[in-house]
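Just so you know, these numbers use all the heavy atoms, side chains as well, and skip hydrogens, waters and symmetry mates.
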Amino acid sequence: MLVDSHCHLNFPELSGRIDEALALMRDNRVTHALCVSVTLQDFPQVRALAERYPHIYASVGVHPDYPDVPLVTEEELIDLARHPRIVAIGETGLDYFRIEGDCEWQRERFRTHIRAARRCRKPLIIHTREAAADTLRIMSEERAGEVGGVMHCFTESWEVAQGAMALGFYISFSGIVTFKNAVGLKEVARRVPLERMLIETDAPYLAPVPFRGKTNEPGLVKYVAEEIARLRGIGPDEVGAATSSNFFKLFVSG
């Protein structure tokens with residue numbers, strides 16, 4: 001049993017071939033997936049997938065890479081999160097890689113998401129890129145640990161992983177952990193306790209080896225589990241069982 005804790009089935013690369021993607025999930029024993037929102041404008045597509053398919057869950061949030069989308073408020077996020085198929089707030093966070101100049105708007109948007117999550121008691125899906133110190137600082141200042149969540153598509157150091165876990169967050173590994181040059185990340189994957197770990201695809205991006213460079217999809221999360229198992233010297237079923245249990249504990253059973 002496997003669960004893809006983060007994908008974007010509504011993106012154009014996958015939305016026209018949903019049946020094929022779901023079939024590959026079945027073939028590879030991927031029982032559930034979380035389709036993650038990146039803007040409120042696209043959120044209805046995400047919600048519709050979760051309404052249509054009982055094994056697909058959804059989140060609501062605005063990704064930090066979108067500077068030109070309308071302001072999001074706590075009230076908007078809380079209202080949309082009331083839907084029974086919405087299990088998380090996000091993805092949200094900080095990304096200084098593509099954005100130049102003053103990023104205070106990103107930090108304020110991130111704070112808004114954390115405050116909304118605390119008010120509606122939903123876990124957070126956090127994206128961070130070249131912003132780890134500010135991300136952890138804001139998580140601490142806004143008491144994100146009260147609801148917890150996941151550091152998605154983790155690519156940071158062991159010290160950052162420790163900081164996030166100290167706040168009650170899970171660490172999620174994507175197909176990047178299968179890349180030959182991801183030496184530091186492989187070491188983090190060896191060290192994160194299984195009870196604090198999730199796995200994901202971030203589909204349609206970041207396809208794992210041996211599909212690197214191709215369109216990713218939830219069914220390929222099994223290759224992430226297999227690589228983590230190899231790194232830790234355990235069986236893939238053990239990784240699958242632990243990360244699936246963690247997923248339901250965090251997002252479904254509370």
Side-chain angles (χ1 to χ4, degrees), residues 1-26 28-63 66 69 72-93 112-127 144 146-153 169-170 172 174 198-205 216-219 221 243-254:
M1 177 180 176
L2 297 161
V3 174
D4 182 2
S5 69
H6 192 114
C7 64
H8 303 283
L9 284 167
N10 62 306
F11 281 18
E13 296 92 334
L14 293 172
S15 62
R17 46 186 298 274
I18 290 292
D19 289 344
E20 293 176 43
L22 296 182
L24 184 63
M25 285 177 63
R26 288 191 298 272
N28 287 349
R29 298 171 56 231
V30 181
T31 61
H32 296 79
L34 174 51
C35 187
V36 175
S37 166
V38 296
T39 69
L40 295 193
Q41 290 68 40
D42 291 342
F43 171 72
Q45 302 168 5
V46 174
R47 180 177 55 199
L49 286 165
E51 290 173 337
R52 181 176 179 184
Y53 301 104
H55 61 312
I56 304 296
Y57 296 100
S59 73
V60 59
V62 181
H63 191 289
Y66 295 85
V69 299
V72 61
T73 67
E74 291 178 46
E75 287 69 25
E76 284 179 295
L77 292 169
I78 292 166
D79 182 58
L80 294 171
R82 288 192 180 101
H83 190 287
R85 301 295 296 168
I86 307 306
V87 298
I89 300 293
E91 63 187 283
T92 182
T112 295
H113 281 72
I114 298 174
R115 292 167 185 167
R118 287 176 50 228
R119 287 174 60 188
C120 69
R121 309 307 300 173
K122 303 269 186 179
L124 288 149
I125 300 169
I126 293 183
H127 169 110
E146 291 182 9
V147 291
V150 57
M151 307 298 287
H152 117 84
C153 195
F169 278 70
Y170 290 80
S172 181
S174 70
L198 295 176
I199 54 175
E200 64 172 273
T201 60
D202 204 12
Y205 309 121
N216 202 3
E217 52 186 295
V221 76
T243 54
S244 297
S245 175
N246 294 341
F247 176 88
F248 287 106
K249 180 180 178 181
L250 176 62
F251 290 117
V252 182
S253 65

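- Under the 30°/60° scheme for interplanar angles, the aromatic rings of Phe11 and Tyr205 are found to stand perpendicular.
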Test side chain to side chain contact (heavy atoms under 4.5 Å, CB included) on Leu124 and Ile114; report intermediate values, then the result. CA-CA 7 Å; Leu124 288 149; Ile114 298 174; 4.0 Å; yes
Test Glu76 against Phe43 for side chain to side chain contact (heavy atoms under 4.5 Å, CB included), laying out the working first. CA-CA 12 Å; Glu76 284 179 295; Phe43 171 72; over 6 Å; no
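- What you find for Gly149 and Pro123 is that their closest heavy atoms are CA-CB, 3.9 Å.
- His32 is listed as a side-chain neighbour of Phe248, based on a closest heavy-atom distance under 4.5 Å.
- Looking at heavy atoms from C-beta onward, Leu14 lies in side-chain contact with Arg17 at the 4.5 angstrom threshold.
- For the atom pair OG1 (Thr92) and NE2 (His152), the distance works out to 11.0 Å, reported to the nearest 0.5 Å.
- A 4.5 Å side-chain heavy-atom check between Val72 and Leu40 finds at least one atom pair inside the cut-off.
- Distance check: Thr112 OG1 to Glu74 CD gives 6.0 Å after rounding to the nearest 0.5 Å.
- Taking all atoms of both residues into account, the shortest heavy-atom contact from Leu198 to Leu250 is CD1-CD2, 4.1 Å.
- Taken to the nearest 0.5 Å, the CG atom of Leu34 stands 8.0 Å off from the CG atom of Asp4.
- Side-chain contact between Leu2 and Ile199: present, with at least one pair of heavy atoms (C-beta onward) separated by less than 4.5 Å.
- Arg82 has its side chain out of reach of Cys120: every pair of non-hydrogen atoms, C-beta onward, lies at least 4.5 Å apart.
- A donor-acceptor contact shorter than 3.5 Å is absent between the side chain of Ser172 and the backbone of Met151.
- Although no hydrogens or angles enter the test, the distance criterion places no donor-acceptor pair under 3.5 Å between the side chain of His113 and the main chain of Gly90.
- Looking only at side-chain heavy atoms (C-beta outward), Ile125 and Ile89 stay at 4.5 Å or farther from each other.
- For Ser37 (side chain) and Gly61 (main-chain N/O), a donor-acceptor pair under 3.5 Å exists by modelled atom type.
- Residues Leu9 and Pro218 form a side-chain contact, since some pair of their non-hydrogen atoms from C-beta on lies under 4.5 Å apart.
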Please lay out, stage by stage, how Val3 and Val30 fare under the test side chain to side chain contact (heavy atoms under 4.5 Å, CB included). CA-CA 5 Å; Val3 174; Val30 181; 5.8 Å; no
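- A donor atom on one side chain and an acceptor atom on the other are not found under 3.5 Å apart for Glu200 and Ser5.
- Electrostatic pairing of Arg119 and Glu75 counts as a salt bridge here, judged by a charged N lying under 4.0 Å from a carboxylate O.
- Although no hydrogens or angles enter the test, the distance criterion places a donor-acceptor pair under 3.5 Å between the side chain of Lys122 and the main chain of Ile86.
- Val87 and Phe251 make their closest contact through CB-O, 3.4 Å (heavy atoms, listed as atom of the first residue, atom of the second, distance).
- Here the side chain of Asn216 pairs a donor or acceptor atom with the backbone of Thr201 at under 3.5 angstrom.
- His6 contributes atom NE2, which lies 11.5 Å from atom CZ of Phe247 (distance to the nearest 0.5 angstrom).
- Heavy atoms only, all atoms of each residue included: Asp202 and Cys153 are closest at OD2-SG, 4.3 Å.
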All N/O donor-acceptor pairs, side-chain side in residues 47-55, below 3.5 Å, sequence neighbours left out:
unit_1	atom_1	unit_2	atom_2	d
Glu51	OE2	His83	NE2	2.7

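- Side-chain contact check for Ile56 versus Leu22: some heavy-atom pair is nearer than 4.5 Å.
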Check the pair Glu13 / His8 against side-chain hydrogen bond (donor to acceptor under 3.5 Å, both in side chains), numbers first and verdict last. CA-CA 9 Å; Glu13 296 92 334; His8 303 283; over 6 Å; no
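- The heavy-atom pair separating Glu217 from Glu20 by the smallest distance is OE1-O, 4.2 Å.
- Going from atom CZ of Arg115 over to atom CD1 of Ile78 covers 11.5 Å, rounded to the nearest 0.5 Å.
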